[in-house]
Amino acid sequence: MNGRRLKFIFIGCGIAATIVFMLVVATQKSNGGLAYYVTVQEFNAKGELPGHFRVNGKVRTGSIERLPGGRQVRFTIVDKASPATLPVDFTGEIPDTFVDDADVVVEGKRRADGTFEATTLLAKCPSKYEAADPGKRS
């Protein structure tokens, strides 16, 4: 082999190794690094399994309790398809779209008392994303 061909083989191996490394790092983040979540009912059925989870549900109307300081909130999420509920504690930046009946995804773990300790809170206000009425002007 000549030096030029060997140089291209080394560069190709370096690029391939970088891609593999990036894929491994991306999938190592909590729970596989994928944007997968479980419902409240599925999470409750898991019992006392350790680990980090993403749980999807709706904020129960009237359950939001903002604690002093403005960065901590307690609330309950309900399953969209069953009566299952899950109490949640979250400390951090609270999204503006976090309101009663909002769809939420919380990421974190279950504490010994059964409360979900969320490290991430994502909220979507359903009314904000509905299609505009064509006969109605803003």
Side-chain angles (χ1 to χ4, degrees):
M1 278 194 201
N2 64 24
R4 191 171 189 185
R5 189 172 192 179
L6 193 58
K7 182 178 174 181
F8 282 117
I9 290 173
F10 280 128
I11 290 173
C13 288
I15 291 171
T18 302
I19 291 170
V20 169
F21 174 75
M22 290 171 61
L23 287 172
V24 168
V25 169
T27 58
Q28 291 301 311
K29 194 173 178 204
S30 68
N31 213 13
L34 304 174
Y36 176 76
Y37 56 81
V38 295
T39 65
V40 174
Q41 183 177 12
E42 291 169 336
F43 180 76
N44 286 342
K46 289 185 180 291
E48 296 300 318
L49 288 177
H52 228 74
F53 293 91
R54 289 185 181 109
V55 184
N56 175 255
K58 269 186 154 333
V59 177
R60 176 187 273 168
T61 302
S63 71
I64 298 173
E65 178 189 353
R66 294 180 188 267
L67 302 173
R71 290 185 45 86
Q72 189 173 9
V73 67
R74 289 186 181 138
F75 58 98
T76 300
I77 58 175
V78 296
D79 195 279
K80 296 175 189 177
S82 77
T85 64
L86 181 65
V88 178
D89 278 355
F90 172 72
T91 301
E93 190 69 32
I94 300 169
D96 292 338
T97 54
F98 178 71
V99 294
D100 285 344
D101 294 322
D103 288 328
V104 294
V105 174
V106 290
E107 183 177 350
K109 62 184 178 182
R110 185 190 318 259
R111 292 194 312 229
D113 67 0
T115 301
F116 190 85
E117 186 175 334
T119 55
T120 303
L121 170 62
L122 305 173
K124 175 181 130 180
C125 178
S127 63
K128 200 170 194 169
Y129 300 102
E130 290 176 354
D133 184 356
K136 191 177 183 183
R137 292 190 178 225
S138 302

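With sequence neighbours excluded, the residues forming a side chain to side chain contact (heavy atoms under 4.5 Å, CB included) with R74 are E65, L67, D89, listed by chain and number. For S63, the side chain to side chain contact (heavy atoms under 4.5 Å, CB included) test picks out V59, R60, F75, T76, with sequence neighbours left out. Every residue two or more places apart in sequence or in another chain that forms a side chain to side chain donor-acceptor pair (under 3.5 Å) with T61 is listed here: D101. Taking the ring pair (Phe, Tyr, Trp, His ring centres under 6.0 Å) definition, one finds that F43 meets it with F53, F116, sequence neighbours left out. Under the rule for a side chain to side chain contact (heavy atoms under 4.5 Å, CB included), the partners of P87 that lie at least two apart in sequence or sit in another chain are T115. Residues satisfying the ring pair (Phe, Tyr, Trp, His ring centres under 6.0 Å) criterion with F90, sequence neighbours excluded, are absent altogether. Residues meeting the salt bridge (Lys or Arg N to Asp or Glu O under 4.0 Å) test with R71, sequence neighbours left out: E93. Residues satisfying the salt bridge (Lys or Arg N to Asp or Glu O under 4.0 Å) test with D79, not counting sequence neighbours, are none. Evaluation of the salt bridge (Lys or Arg N to Asp or Glu O under 4.0 Å) rule for K7 yields no partner, not counting sequence neighbours. Taking K80 as the reference, N56, K58, D103 meet the side chain to side chain contact (heavy atoms under 4.5 Å, CB included) condition, with sequence neighbours excluded.
If you take CD1 on I64 and CG on D100, they are separated by 4.5 Å, rounding to the nearest 0.5 Å.
Across all their heavy atoms, G114 and L86 have their closest contact at O-CD1, 4.0 Å. Considering every non-hydrogen atom in both T97 and K124, the closest pair reads OG1-N, 4.1 Å. Minimum interatomic distance between A118 and V106 (heavy atoms only, all atoms of both residues): CB-CB, 4.0 Å.
A continuous path of hydrophobic side-chain contacts links I77 to I94 [ILVMFWY only; heavy atoms under 4.5 Å]. Note on V55: it does not cluster hydrophobically with V78, by side-chain heavy-atom contacts below 4.5 Å among ILVMFWY residues.
At a threshold of 4.5 Å between non-hydrogen side-chain atoms, the residues L122 and P95 do not count as touching. At least one side-chain heavy atom of V73 sits less than 4.5 Å from a side-chain heavy atom of R66.
We find that R54 and E107 are joined by a salt bridge, their nearest charged nitrogen and carboxylate oxygen being less than 4.0 Å apart.
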